[in-house]
Amino acid sequence: MSAAASVAAGPSRFRPIALAALAAVAVGVLGGLMTDIGPWYESLDKPPWQPPNWLFGPAWTAIFALTAAAGVLAWWASETKVKRQNLLIAFLFNAVLNVTWSLLFFRLRRPDWALFEVFLLWASIVLVIVVCARRRPLAAWLLVPYLLWVSFAAFLNYEILRLNPWTAGA
């Protein structure tokens with residue numbers, strides 16, 4: 001084994017895994033702290049096709065695991081520092097928007113603002129997919145469930161707002 005291959009397989013190869021896992025957990029925890037399934041949320045009219053509350057935790061856990069894996073694969077495939085920086089910026093932008101949606105919807109109780117913001121979140125996922133696809137196509141495919149889930153969440157957000165028009169400007 002060459003010296004370069006030895007370094008690539010060494011401890012520094014696992015640093016992106018640890019950092020991606022830590023970032024995924026941090027985004028999940030922050031989003032969870034912003035999510036208040038309390039009396040206000042329970043009082044909202046929701047469409048009959050809304051999944052049960054218990055399903056959101058496992059769904060987001062799987063999405064964050066896939067997102068972390070996509071980030072690691074794309075990081076390993078990024079040949080330059082600039083490409084790695086661009087990858088980090090795309091993921092950071094997406095993470096901020098992810099947490100912001102929960103803040104707007106649950107903490108500030110503004111489904112109307114959250115509906116506007118979810119389109120920015122959706123666009124940021126597309127951006128991350130494009131950035132990852134340029135480095136490692138598999139990484140982009142790992143993000144498709146995230147895009148589908150947020151698409152579903154956007155429609156759910158819309159329906160909750162439609163069923164509860166009093167929440168706009170509340």
Residues A70 and A139: closest non-hydrogen pair is CB-O, 3.2 Å
For residues S78 and R84, report the shortest heavy-atom separation together with the two atoms involved.
-> O-NH1, 3.0 Å
Compare all side-chain heavy atoms of P111 with those of N164 and state whether any distance is below 4.5 angstrom.
-> no
Test side-chain contact (heavy atoms from CB on, under 4.5 Å) applied to T67 and W60, step by step = CA-CA 10 Å; T67 301; W60 277 113; over 6 Å; no
Only pairs under 3.5 Å count here: list side-chain donor-acceptor contacts from residues 95-106, not counting sequence neighbours, and write none if there are none.
unit_1: N98; atom_1: ND2; unit_2: Y146; atom_2: OH; d: 2.9
unit_1: T100; atom_1: OG1; unit_2: V96; atom_2: O; d: 2.6
unit_1: W101; atom_1: NE1; unit_2: A114; atom_2: O; d: 3.3
unit_1: W101; atom_1: NE1; unit_2: N157; atom_2: OD1; d: 3.0

For W76, look at atom CH2 and say whether over 12 heavy atoms of other residues, nucleotides or ligands are found less than 6.0 Å away.
-> yes
Do I37 and F56 share a hydrophobic cluster, counting only Ile, Leu, Val, Met, Phe, Trp and Tyr and linking them when any side-chain heavy atoms are less than 4.5 Å apart?
-> yes
Shortest non-hydrogen separation from V72 to P16 and the atoms involved = CG2-O, 3.5 Å
Specify the closest pair of heavy atoms between V128 and A90, including all atoms of both residues, with the distance to one decimal.
-> CG2-O, 3.5 Å
d(E42 CD, D36 CG) to nearest 0.5 Å is 10.0 Å
Where do L87 and C132 land on the side-chain contact (heavy atoms from CB on, under 4.5 Å) test, with the steps shown first?
-> CA-CA 7 Å; L87 181 70; C132 286; 4.0 Å; yes
Nearest atoms (heavy-atom pairs only) where P145 meets L142 = CD-O, 3.4 Å
Going from CG on L163 to CG on L156, what distance comes out if it is rounded to the nearest 0.5 angstrom?
-> 9.5 Å
Under 3.5 Å, is there a donor-acceptor pair between the side chain of R107 and the main chain of L33?
-> yes
With the 4.5 Å side-chain cut-off for hydrophobic clustering, are I89 and L120 part of the same group?
-> no
Side chains of N86 and R135: closer than 4.5 Å at any heavy-atom pair?
-> yes
Please write out which residues are connected to L148 in a hydrophobic cluster, directly or through intermediates, given that two of Ile, Leu, Val, Met, Phe, Trp, Tyr count as joined at side-chain heavy-atom separations below 4.5 angstrom.
-> W141, V144
Would the number of heavy atoms belonging to other residues, nucleotides or ligands and lying under 6.0 Å from CH2 of W149 be above 12?
-> yes
Nearest atoms (heavy-atom pairs only) where Q50 meets N53 = NE2-OD1, 3.7 Å
Is a donor on one side and an acceptor on the other found under 3.5 Å between the side chain of K46 and the backbone of Y41?
-> yes
Side chains of W75 and L88: closer than 4.5 Å at any heavy-atom pair?
-> yes
CD1-OG distance between I129 and S124, expressed to the nearest 0.5 angstrom = 9.5 Å
One should read off an interatomic distance between L44 CG and R109 CZ, to the nearest 0.5 angstrom, of 9.0 Å
Same hydrophobic cluster for I160 and F119, using side-chain heavy-atom links shorter than 4.5 Å among ILVMFWY?
-> yes
Heavy-atom side-chain contact between F152 and P51 under 4.5 Å | yes
Cluster question for you: counting only ILVMFWY and a side-chain heavy-atom cut-off of under 4.5 Å, with indirect links fine, are V130 and V82 together?
-> no
Is L143 close to L66 at the side-chain level, that is, under 4.5 Å between some pair of heavy atoms?
-> no
Can you find a pair of side-chain heavy atoms, one from W122 and one from V118, that are under 4.5 Å apart?
-> no
Given the rule that I, L, V, M, F, W and Y join up when any side-chain heavy atoms are under 4.5 Å apart, are V131 and L92 in one cluster?
-> no
So do F91 and L127 actually touch side chain to side chain, heavy atoms under 4.5 Å?
-> no
